[in-house]
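Accompanying notes for the structure given below.
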2 protein chains.
Amino acid sequence: MNQPTGQEDKVLSTEEKIKEAARKLFTQKGFAAVRTRDIADEAGINLALLNYYFRSKQKLFDIIMLENFRKFLHIVSGRVLDDSLTLEEKIALLVDIEIDMLTQNPDLPLFVLNEIRVNPNKIAMEMHSGDVPGVSRLLAQLISANGSGEAPQMQPLHFLANLIGLTVFPFVGRPMLQKITGVDEDAFYKMMQERKKLIPIWIKAILNCS
Amino acid sequence: MNQPTGQEDKVLSTEEKIKEAARKLFTQKGFAAVRTRDIADEAGINLALLNYYFRSKQKLFDIIMLENFRKFLHIVSGRVLDDSLTLEEKIALLVDIEIDMLTQNPDLPLFVLNEIRVNPNKIAMEMHSGDVPGVSRLLAQLISANGSGEAPQMQPLHFLANLIGLTVFPFVGRPMLQKITGVDEDAFYKMMQERKKLIPIWIKAILNCS
DNA sequence: AACTTTTTTAATCATTTGATTAAATTATTA
DNA sequence: TAATAATTTAATCAAATGATTAAAAAAGTT
């Protein structure tokens, strides 16, 4: 009758309904701005069930936070990790994957960046002592490229800040950018698709100009 | 005896003490995560004085929000507005000013970006119907440069996203970037100073490569 | 069907929190 | 100095909020 028809959260267990409601609200507004009653209403369940399944608001939040972190960071590791691609190819792949992820989860980066600022240590173990798998290999590749004459030197932090900044920032600043430029939502997301091709070119230009 | 010695908030009126405490906490943690008692404690005043001087938590927050917005956006307009500088010169000036501002107010961008997301309309009038003075002139200059053969075409949104992304993002993502790259705080802020010179070069390279 | 376990509900608790009040203190004015 | 106004304080209120409880309903088991 009703297979996954599109958006409705049918055929979800109570526990899943709560979690999805919590994910939506927490990711949108952060821990402090969300009431447990908001979550219960959004999920369409009795308030007590939240505590029945998840013990406390904080424990529920922690689950969502961890999943959001993984979604934001682990994108990188999976496909970029193994292959023996060139630096340029990896960049192109990474940007492509990341922009798709951001298009589907536009609230994610602001949530993650806020959480990291509030609690820089809680994330520490998630990127196990500063080692997000894919990224560290990418940086190693950058450094070895630094040695060869191919591209001039660039500090890993500058490189990462540029790559993530160009990729992620437009999503974080979307309302501001739209307001200033007058671009509507459709056009905005089309331009984000354009950036899949543009950012790798720009990064290359940046690497070859200092 | 004690002139402005450096950091202490001496010789501040009660009203000013409350406002400074509120600015610090609200900018750091947002509206919902801050208690009026936190503000009173931080300011070292009686809780009732907050309402005596500012009526409500919301009204106090609105004042701080407006000032933070102006600080974040109006940087641009002042000095970049009048001069008859070239596009490149304006970019260099803008990046320089903005990085100094961000170094002194590292919490500002995340606060502003959060607020804009929560309430995109409240900001609308602050950048009066999409017209931040300095920026609109900058974009006009970009578009006219688009016409001349000097630099290839680039959409204003891409241009702005790149410029702001390269400039602002490192501050928003500082804890993450530090954790991944292992760069300590001193080195980080030194690199932000480097970016004053680097970003204009990079932007130029980006404009000349598509 | 009888019984047990799991899930759900409505009601309630204890704290927290934004705000107010009336009295006390300090500063200002006449 | 006396009177008046402004500021500050401690106590308190009412609503919001996270959490719990006991009973009811549903699902599962024998």
| task | Send over the distance from A:L25 CG to D:dT17 P, rounded to a whole Å. | result | 13 Å
| said: Tell me the interatomic distance from A:L49, atom CG, to D:dA26, atom P, rounded to whole angstroms. | reply: 14 Å
| field | Atom-to-atom span, CG of A:L47 to P of D:dT21 - whole angstrom | value | 14 Å
| Stepwise salt bridge (Lys or Arg N to Asp or Glu O under 4.0 Å) test for B:E20 and B:R23 | CA-CA 5 Å; B:E20 288 316 307; B:R23 185 194 319 286; 3.0 Å; yes
| field | Distance below 4.0 Å between B:T36 side-chain N/O and C:dG18 OP1 or OP2 | value | yes
| Taking atom P of C:dA10 as reference, at what distance in whole Å does atom CG of A:L50 sit? | 16 Å
| request: Figure out the OH/C1' separation between B:Y52 and D:dA11, and round it to whole Å. | output: 19 Å
| said: What is the separation between atom CG on B:N46 and atom P on C:dA24, rounded to the nearest whole Å? | reply: 16 Å
| Should A:I164 and B:M176 count as side-chain neighbours, where that means a heavy-atom distance under 4.5 Å? | yes
| task | Calculate the interatomic distance between B:N51 atom CG and D:dA10 atom P; express it in whole Å. | result | 16 Å
| message | Could you check whether atom NZ of B:K196 has more than 12 heavy atoms from other residues, nucleotides or ligands sitting under 6.0 Å from it? | response | yes
| task | Select one nucleotide: of D:dT20, D:dG18, C:dG18, the one nearest the side-chain heavy atoms of A:A48. | result | D:dT20
| Rounded to the Å, how far apart are B:K57 NZ and D:dA16 P? | 14 Å
| request: Looking only at side-chain atoms of A:R35, point me to the closest of D:dG18, C:dT8, C:dT17. | output: D:dG18
| Residue-phosphate contact under 4.0 Å: B:T14 side-chain N/O, D:dT8 OP1/OP2 | yes
| task | Describe the nucleic acid contact of A:Y53 in one word from base, sugar-phosphate, nothing, applying a heavy-atom distance below 4.0 Å. | result | sugar-phosphate
| note | Contacts satisfying salt bridge (charged side-chain N to carboxylate O under 4.0 Å, His left out) that involve residues 101-111 of chain B (not counting sequence neighbours) are A:R117-B:D107
